[in-house]
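To keep things clear, I will list the structure first and then write my remarks on it.
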Amino acid sequence: MEWEERMCIVSGSYQSMDTKPPRTTVELWCRSQAGHSAVLLVNGLRPYFDIALPGEPRPNEIVNLDDVLDIPEVVDIDSPEVKWTTNGEKRHWRVYANQPYSVRKLRKKLGDWVVTSADIPFQNRLMLDLDLGPHISVKGDVIWASERAPEGAKNSTTTDVKLAESAIKKIGGAGIYPVDMIVSCELDGLTRSEPFQTPFVTFSFDLETSIATNRILCAAAVIDRAGDRSEHRFRGEEREIMEGLTSLVREADPDFITGYNIDNFDLPRMDERAEVICPRPKYNRAPLFGWGRVPMNEGDSKRIFPTRQQNRVWRIPGRIPMDAWWQARQTLRPQRESLRYVSQLLWPNNQEMQKMDVDASKMDEEWAARPDVVMEYCVRDTHLPLDILGHLKAIARKEALASVSLTAVETAANGTTSQWIDSLVMRLADKDGIAVPMTNAGPRKRDQIAGGYVHEVEPGMEPWVVVLDFKSMYPSIMITNNICSTTLVRDGGDQDPSHSVSPTTGTRYKSKDEMNGLVPRLLEDLMAKRDLYKKGMADAQASNDPVEAFLLDQLQYAVKILMNSFYGVFASSFYRFTHPDLGASITEWARYNIKAIISQVEEGGNDVIYSDTDSIFVKSPVHEGAPTNKPKDAEGAVVWEKTREETLEFGETLAQMFTKEGAELEFETALSAFFSHGAKKRYVGRVVWPREEMLIRGYEVRRTDSFDLLSETMTEMFEMLLDGDTEGAVNMTKMAVDEVREENVDPSRLVISRSCKGKWDSKKNEWDFKSVYANPDGLPYVRAAKQRIEAGLQFTPGMKVGYIITEPDVGEKKLGVSAWLVDEIGGKPPEYDREYYAKRLAKSLGRITEAFGVDEKELLKGARPKGQSSIFDF
DNA sequence: GCCTCGGAAGTC
DNA sequence: CTGGGACTTCCGAGGC
């Protein structure tokens with residue numbers, strides 16, 4: 001049954017058939033634009049890599065390849081093609097291997113040869129060679145169609161399972177995959193298509209487990225099928241619960257698997273319990289935890305189970321695990337990370353979502369006393385991860401990133417920056433005849449690269465300031481100076497005057513005419529693409545097409561993310577197309593450019609008050625006596641508006657003056673007032689253009705290890721300072737000191753939170769902090785983590801742990817620490833150490849007030865003389 | 001009580 | 001298997 005449809009590649013793998021000749025079938029798990037799931041079994045691609053003679057080019061040497069051909073895993077060798085290498089242009093022979101898994105072995109057997117293009121996963125090879133992105137048009141034959149398959153695909157497709165199975169195995173598939181349809185394709189049946197938004201299916205689940213025995217007490221799952229949700233509850237014998245979850249996964253066939261903290265809790269627990277219930281043989285655990293998108297009866301049991309390499313992300317063949325905790329942490333940077341806290345942060349007005357009616361630290365008792373309540377609590381906690389992913393647009397963003405980097409969605413979601421960049425760089429390298437070296441496996445240590453330039457900042461207030469910054473600074477530098485491993489003039493290279501020479505170390509790069517670098521070309525492309533997407537978004541908004549506008553916004557954002565990843569990969573020591581000089585050159589030029597602009601601005605008679613890497617803050621030359629806050633009277637308002645206009649004009653002028661080809665300086669914001677206490681990376685400003693808001697950088701307000709009272713007081717202080725009310729700011733702060741001293745502060749506003757590492761010691765069956773920290777008990781957050789664990793709550797390495805500082809025990813020098821568990825199990829909050837918090841407030845805020853002569857000690861005195869009670873106390 | 005140092009976390 | 005550097009703050013320990 002011939003079939004044609006647009007699909008999105010979720011992930012890929014391959015199957016080997018050791019026939020004669022050997023065959024390899026690529027499996028692509030897809031979701032179609034119409035919402036069906038499919039496995040494409042693609043035939044026709046053979047595994048290969050390239051080999052060349054070591055050292056300098058020897059174009060005339062006669063090469064005997066018999067030894068290579070004699071290796072049993074080698075199937076064939078092509079006639080040579082000339083490819084560019086760092087040693088010059090050399091002949092490369094394409095060697096075909098019997099199977100992809102032989103390539104590693106062959107690399108070793110080919111000791112003296114230089115082996116290239118030899119560490120590329122076979123499914124990626126397919127995407128590279130056919131120039132596919134995640135969104136493809138598919139033409140093929142439907143071999144198997146399940147109930148949910150589109151009607152058209154079911155016609156004249158066999159319903160005989162045995163018949164279908166043998167047909168699938170014949171073309172290299174593993175059997176009946178748990179998908180809507182199985183499609184057989186040839187290479188010419190796949191072409192790249194325009195990006196679209198795929199109606200993915202997501203499975204969210206949550207386990208409630210016994211603290212005493214680790215046994216699973218109950219579980220819940222919610223399936224989200226393009227917005228339609230269905231709930232599923234599981235209770236009873238542990239085995240039944242796990243079987244229920246597993247058959248639901250296989251029946252609903254989701255692309256994404258989510259939940260809150262599934263990476264570190266639910267998935268490992270499923271794994272562990274499956275082993276307890278069914279120690280051996282491992283394959284018998286498939287009905288319990290066989291979540292892989294592969295046939296249940298698949299002979300090799302490896303693929304059917306979710307797996308995790310040491311401390312890495314989980315892999316579930318054909319599906320994408322996506323932990324809502326991790327997504328929330330990365331995009332929101334919440335001060336605390338419990339599900340309760342995060343949902344409160346996102347939906348402060350929705351009481352239903354935050355209702356906490358179960359004490360998770362006493363799960364066994366709760367389960368015994370009121371299982372129905374626990375069950376509903378569990379169900380709610382499977383909805384929330386879906387709500388969180390939806391709110392963060394996490395899935396749409398991964399899909400957009402996949403579309404821009406031309407990878408499967410799984411690579412965008414769970415891969416590394418180097419994999420995204422590989423996908424683009426290798427396509428271009430293959431097209432241009434550039435050999436693709438292996439990823440560097442060598443030592444990681446290397447001399448550090450000097451970073452960006454940070455300008456000294458004077459303490460105090462500065463009225464009317466414009467902020468300008470370079471648009472995509474590092475990518476622009478790479479483009480303008482043609483920085484690339486293919487253009488780098490290596491030792492002993494000639495000194496052509498056309499070369500681009502880095503300002504301090506004198507690293508040379510070939511001119512664009514001589515060789516247009518791979519990476520600069522890619523970046524140029526991406527920049528143009530981003531502008532196009534941005535324009536398309538504006539057009540879509542204008543023509544009232546929010547769906548298209550959303551897609552284009554995701555795409556332009558993905559391009560930004562991708563472009564910014566380039567520098568990091570090229571400054572690293574492991575990437576295949578890198579050299580230590582590349583990263584150093586980029587920052588060198590950056591420092592040179594920004595310093596040059598600073599001195600030119602200053603020569604022009606204007607003051608540069610601050611600068612960090614790609615931005616400069618310049619004092620606006622407004623007229624004498626210009627107001628720094630918006631006057632209330634009409635006359636004052638006119639003056640204010642005039643000052644603002646002057647400043648905007650100044651910003652525009654500067655931007656134009658210093659923008660040149662390949663280095664666009666953008667006028668970013670105008671401030672009516674700027675304040676810093678004199679430390680780099682710490683400042684606050686009142687933005688008057690393009691929006692009106694307060695801009696705070698670096699200060700405690702922005703830090704997740706601050707506490708609410710400090711953040712709030714500091715924000716209020718900044719508001720007053722920027723209004724010019726220094727006296728009011730000091731008084732307000734002193735009052736805050738009084739309040740904390742008199743114990744009038746809600747302890748939830750004093751929670752300090754820091755992330756804590758740790759290792760699970762499976763021998764001792766306990767958490768180990770000693771191997772991670774030299775003196776774990778000296779660190780408050782480790783002590784808090786221990787209390788948390790003691791209380792029966794979850795702990796996962798790297799999680800943020802909240803705590804309150806309490807008065808130290810008698811004779812104890814160390815700070816008293818009490819873990820903050822109120823979010824999770826309720827109960828009475830601990831009593832805080834009043835002097836500690838008063839001191840910390842005074843210290844942090846005193847650093848700021850010191851800029852106008854009021855120090856920490858002064859703040860610590862408070863507003864009222866000691867002994868006098870609060871105004872609320874009669 | 002003051003100072004310095006190292007370890008650690010966080011931000012830009 | 002794997003982005004980087006500069007800079008700031010906080011805490012605890014140890015010396016005087």
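Protein chains get the first letters and strands the later ones, always in sequence-line order, with residue 1 at the start of each.
- Judged as a side chain to side chain contact (heavy atoms under 4.5 Å, CB included), and not counting sequence neighbours, the contacts of A:N593 are A:I477, A:W589.
- Rounded to whole Å, atom P of C:dC7 lies 19 Å from atom CZ of A:R697.
- A search for side chain to side chain contact (heavy atoms under 4.5 Å, CB included) contacts involving A:A558 returns A:A400, A:L401, A:V404, not counting sequence neighbours.
- If you check residues 584-592 of chain A against DNA chain C, you find no residue with a heavy atom closer than 4.0 Å.
- Results of the salt bridge (Lys or Arg N to Asp or Glu O under 4.0 Å) test with A:E337 over A:R329, A:R754, A:R788 single out A:R329 as the only residue that passes.
- In this structure, A:S844 reaches the sugar-phosphate backbone alone: every heavy-atom distance under 4.0 Å involves primed, P, OP1 or OP2 atoms, never a base.
- Counting only residues at least two apart or in different chains, salt bridge (charged side-chain N to carboxylate O under 4.0 Å, His left out) contacts with residues 403-412 of chain A comprise A:R315-A:E410.
- Nearer to the 5' terminus of DNA chain C, by closest-nucleotide assignment, is the contact made by A:Y567 (compared with the other of A:Y567 and A:G452).
- Partners of A:P437 by side chain to side chain contact (heavy atoms under 4.5 Å, CB included), not counting sequence neighbours, listed by chain and number: A:R576, A:F577.
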Every protein N/O lying under 3.5 Å from an N/O of nucleotides 11-15 of chain C:
from   : atom 1 : to     : atom 2 : distance (Å)
C:dC11 : OP1    : A:Y836 : OH     : 2.4
C:dA13 : OP1    : A:N775 : ND2    : 3.4

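- With sequence neighbours excluded, no residue satisfies side-chain hydrogen bond (donor to acceptor under 3.5 Å, both in side chains) with A:S403.
- The nearest whole Å value for the distance from the NE2 atom in A:H455 to the P atom in C:dT8 is 14 Å.
- For the pair A:Y453 OH and C:dC7 P, the computed distance is 10 Å after rounding to whole Å.
- A:E856 has its CD atom 10 Å from the P atom of C:dC10, to the nearest Å.
- Phosphate contact (OP1/OP2 of C:dC10, side-chain N/O of A:R847, threshold under 4.0 Å): present.
- Atom C1' of nucleotide C:dT9 and atom CD of A:E700 are separated by 7 Å, given to the nearest angstrom.
- The salt bridge (charged side-chain N to carboxylate O under 4.0 Å, His left out) contacts involving residues 478-487 of chain A comprise nothing, where partners must be two or more places apart or lie in separate chains.
- One atom, NZ of A:K839, and another, C1' of C:dT9, lie 18 Å apart when rounded to the nearest Å.
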Result block: side-chain N/O donor-acceptor pairs under 3.5 angstrom for residues 468-476 of chain A, not counting sequence neighbours:
from   : atom 1 : to     : atom 2 : distance (Å)
A:S476 : OG     : A:K471 : O      : 3.2
A:S476 : OG     : A:S472 : O      : 2.8

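- Residue contacts shown for A:T416 are limited to sugar-phosphate atoms, with no base heavy atom under 4.0 Å away.
- In this structure, NZ of A:K680 is placed 11 Å from C1' of C:dT8, rounded to the nearest angstrom.
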Let me check something: any side-chain donor-acceptor pairs from residues 794-806 of chain A under 3.5 Å, sequence neighbours excluded? List them with distances.
from   : atom 1 : to     : atom 2 : distance (Å)
A:Q794 : OE1    : A:N261 : ND2    : 3.1
A:K800 : NZ     : A:T704 : OG1    : 3.4

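- Proximity of the aromatic rings of A:Y699 and A:F718 is defined here by a centroid distance below 6.0 angstrom, and this criterion is met.
- Contacts of A:F566 with the nucleic acid, taken as non-hydrogen atoms under 4.0 Å apart, are absent.
- Not one side-chain nitrogen or oxygen of A:K681 sits closer than 4.0 Å to the OP1 or OP2 atom of C:dC7.
- With sequence neighbours excluded, the residues forming a side chain to side chain contact (heavy atoms under 4.5 Å, CB included) with A:S844 are A:E700, A:L710, A:M714, A:R847, listed by chain and number.
- First and last contacts of DNA chain B with chain A, using any nucleotide atom under 4.0 Å from a protein heavy atom and ordered 5' to 3', fall at B:dA8 to B:dC12.
- Remark: A:R397 qualifies as a cation-pi partner of A:Y557 under the 6.0 Å distance and 45° angle criteria applied to the six-membered ring.
- If you measure from atom CD of A:Q419 to atom P of C:dG3, you get 9 Å, rounded to the nearest angstrom.
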